[in-house]
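Scroll down for the structure; my scribbles are underneath it.
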Amino acid sequence: MPAKRTHTCGDLRAVDSGADVVLHGWVHRRRDHGGLIFIDLRDRYGLTQVTFDPNRNPHGHSTAEGLRNEYVVCVQGTVAARPSGTTNPNLATGDIEVIATTVTLLNAAKTPPFYINDDASVDESLRMKFRYLDLRRTAMREAVVLRHRVIKRMRDVLDRQGFLEIETPILTASTPEGARDFLVPARLHPGEFYALPQAPQQFKQLLMVGGMDRYFQVARCFRDEDTRSDRQPEFTQLDLEMAFVDEEDVTGTIEALLIECIEAYSSKRIMSKPFPRISYADAMARYGCDRPDLRFGLELTNLTALLGTSGFSVFRGAVEAGGIIKGLVVPGCAGWSRREIDGLTELARTFGAKGLATAAWLPEGIRSAFRQHVGDEVMGRLCDGMGAHEGDLILIVADREATTNAVLHRVRDHLGAKLGLADPEVLALCWVVDFPLLEHDEDRGVWTFTHNPFCAPKDADIHMLDTNPGAASSKQYDIICNGFEIGGGSVRIHTRALQERIFHLMGYTPDQVQALFGTMLDAFEYGAPPHGGIALGLDRIIAILCGASTIRDAIAFPKNQVARDLLMGSPSQVTDNQLAELSVRVSLPISRT
RNA sequence: GGUCCCGUGGUGCAGCGGUCUAGCAUACGUCCCUGUCAAGGAUGAGAUCGCGGGUUCGAAUCCCGUCGGGACCGCCA
């Protein structure tokens, strides 16, 4: 048995000089001078230089000659201050080294398939396949540690405030609407299935009815939809619900929680505290989306009135078809090449625009394809109205309202990154509020919820449910950080009558409502307290805090873009016996020829 | 379901119709070297360019298909 570890590789300092220590770890790097050999020994706490001198310790030196990267060793030795001039200020332990007296090889290692002692980029599928090696690298280790610390702090903060952490089932019932469910066949009940929870929504509301008036959970959620760089089939939420509260109680709790966690564990600067509150309508008007990146301006201007009756058929046609015209000013970019403009136009097309109208304010005047159609007088008012100056580039989209907003939103985000306006060291957190409660589903001819069906309408708007449901606002709030939705919640409906009215608007029959939501509606009849809550996307929050471009870098064992786990090889086929036990028969789609 | 990008020694890149008998860096092997910390020096091995088909006198390079990976649209209460 090798000696017990006395210190980690991040512990030792000059004051420890003279101490006999035992370190365990991986060989991070070996520098062999023929005589002296230096080993940087690594564990998750840091690096410590171990020195092997052939004159003082011939046996240890010869062992060290055989060491290679990623070998696992136990080193016994004496801490010594490094000779002057040989300290390493880049290393926390750089003032000392361990003079080895005994080194024991605990395990050899094959040459790794990619660099572990280097931050160079590596093909992600290779990292996934060897995730246990990737986790040894600095970026993943720091993300995993940060994730632990943030979640730990969240638990502590909530515990201090009287919240109870309560687990809810992973095997539960399929719920309609929302995302596609992951299903689990129920062996004991052939032909029936559990569903994995998309969120613990109904459970947490039932906990409120059950008197657990402050609940939270670090909850795994499952949604069987296509992945994105910020979406995984399974992901983690900080799920939370409170009784006897209004919107301010929930948002205030979360705001304090986030500020504490960010300021404790991130060097990034929060742009403004308290977090600004922006109405949904305002966000759509100024940024074209309900999750604006507030780190930079480039705000949108509505040009429908100015250009809608102009002589330019593209503008007039869009407005006559019920659409809108909006634009934004790109400061100092009038000189952009045709190629750069084409790139933007291509981007706009990706999001459904037919084109992008541009006007470049050059020293010799305004160069624009539509200038002659709208006239110089309108052109002047356009520049004034948008606050443009000489040297600026104006971008305009005329289309259906949804398309115009979507396109300009993406163009704006693209420009924010391209022009370096989106400071990666800044966290622009904000709340988006005053969402519409319902939106009309054109295909099915019914109203559908914008957030979830349990979200309460604003008290003042309840009377509109019968007359003009689309105008009613809800008690929903989303929290946005740098253009990412990192959480959302609402004050809920807590009476059967109001909840039934909402379901009725959504086109459910009373029988359907009872079958799908009967449990919760019944519960509401037994003294349900007013309540509200929120869920934070922890993976996204961690990814933002560690500067990762995908949440996969914030998850120890993520799935790839087609929802495969390249490490464990899931999903995978199962045996006929397993299927038979579950009363499941596989019927593969007919493959294309 | 769709669009786009990528696929060259272990890793990261270059090459984009003949000069490629495929280049560079690093890793790896061997040797030298007592204060390095991305140690240094010498030397060696290692890829028929994801796969299949086509165009061409000639393909890593062009085209089509396919597989794998990624970004996005749809989807994601």
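Letters A, B, ... mirror the listed sequences (proteins, then strands); counts begin at 1.
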So [Y] and [X], do their side chains get closer than 4.5 Å, heavy atoms only?
{"X": "A/Ile99", "Y": "A/Arg56", "value": "yes"}
{"X": "A/Phe182", "Y": "A/Pro233", "value": "yes"}
{"X": "A/Phe484", "Y": "A/Asp230", "value": "yes"}

Say we look at [N] and [M]: how far apart would their [atom1] atoms be, to the nearest angstrom?
{"N": "B/C57", "M": "B/C24", "atom1": "C1'", "result": "32 Å"}
{"N": "B/G40", "M": "B/U48", "atom1": "P", "result": "30 Å"}
{"N": "B/U3", "M": "B/C64", "atom1": "P", "result": "13 Å"}
{"N": "B/U36", "M": "B/G41", "atom1": "P", "result": "14 Å"}
{"N": "B/C16", "M": "B/A60", "atom1": "P", "result": "14 Å"}
{"N": "B/A22", "M": "B/U61", "atom1": "P", "result": "16 Å"}
{"N": "B/G7", "M": "B/G52", "atom1": "C1'", "result": "16 Å"}
{"N": "B/G53", "M": "B/G58", "atom1": "P", "result": "15 Å"}

Can A/His33 be classed as stacking with the base of B/A39, given a centroid separation cut-off of 5.5 Å and a plane angle cut-off of 30°? yes
Near-parallel close stack of A/Phe114 and B/U11 base (under 5.5 Å, under 30°): no
Contact check, residues 222-237 of chain A vs RNA chain B, heavy-atom distance under 4.0 Å, returns A/Arg223, A/Glu225, A/Asp226, A/Arg228, A/Ser229, A/Arg231
Students often get this wrong, so: under 4.0 angstrom with heavy atoms, is [X] touching a base, only sugar-phosphate, or nothing?
{"X": "A/Asp32", "value": "base"}
{"X": "A/Thr450", "value": "sugar-phosphate"}
{"X": "A/Pro113", "value": "sugar-phosphate"}
{"X": "A/Arg552", "value": "sugar-phosphate"}
{"X": "A/Thr87", "value": "base"}
{"X": "A/Asn560", "value": "sugar-phosphate"}
{"X": "A/Phe454", "value": "nothing"}
{"X": "A/Arg68", "value": "sugar-phosphate"}

Between the side chain of A/Gln499 and the main-chain N/O of A/Pro453, is any donor-acceptor distance below 3.5 Å? yes
Assign each of A/Pro453 and A/Asn88 to its nearest nucleotide of RNA chain B by heavy atoms, then name whichever residue's nucleotide is nearer the 5' end. A/Asn88
Given that A/Arg410 and A/Lys559 both sit by RNA chain B, which one's nearest nucleotide is further toward the 5' end? A/Lys559
Would you say the rings of A/His33 and A/Phe38 are close, in the sense that their centroids are separated by under 6.0 Å? yes
Which nucleotide, in any strand shown, forms a Watson-Crick or G-U wobble pair with [N], with both distances under 3.5 Å?
{"N": "B/C4", "answer": "B/G70"}
{"N": "B/G40", "answer": "B/C32"}
{"N": "B/U26", "answer": "B/G10"}

With a 3.5 Å cut-off and heavy atoms only, can you find an N or O donor on one side and an acceptor on the other between the side chain of A/Arg30 and the base of B/U36? no
Tell me whether the rings of A/Phe454 and A/Phe503 are parallel (<30°), tilted (30 to 60°) or perpendicular (>60°). perpendicular
Under-4.0 Å side-chain N/O to phosphate OP1/OP2 contact, [X] with [N]:
{"X": "A/Arg180", "N": "B/C76", "answer": "no"}
{"X": "A/Gln49", "N": "B/U36", "answer": "no"}
{"X": "A/Arg31", "N": "B/A39", "answer": "yes"}
{"X": "A/Asn117", "N": "B/U26", "answer": "no"}

If the threshold is 4.0 Å, N to carboxylate O, is there a salt bridge linking [X] and [Y]?
{"X": "A/Arg127", "Y": "A/Asp553", "result": "yes"}
{"X": "A/Asp434", "Y": "A/Lys458", "result": "yes"}
{"X": "A/Glu142", "Y": "A/Arg137", "result": "no"}

Pull out every protein N or O sitting under 3.5 Å from an N or O of nucleotides 12-16 of chain B, one pair per line with the distance.
unit_1: B/G12; atom_1: OP1; unit_2: A/Asp123; atom_2: N; d: 2.6

What do the steps show when you test A/Tyr215 against A/Asp239 for side-chain contact (heavy atoms from CB on, under 4.5 Å), and what is the final call? CA-CA 8 Å; A/Tyr215 142 90; A/Asp239 192 50; 2.8 Å; yes
From B/C72, B/C28, B/U36, pick the nucleotide closest to the side chain of A/Asn69? B/C28
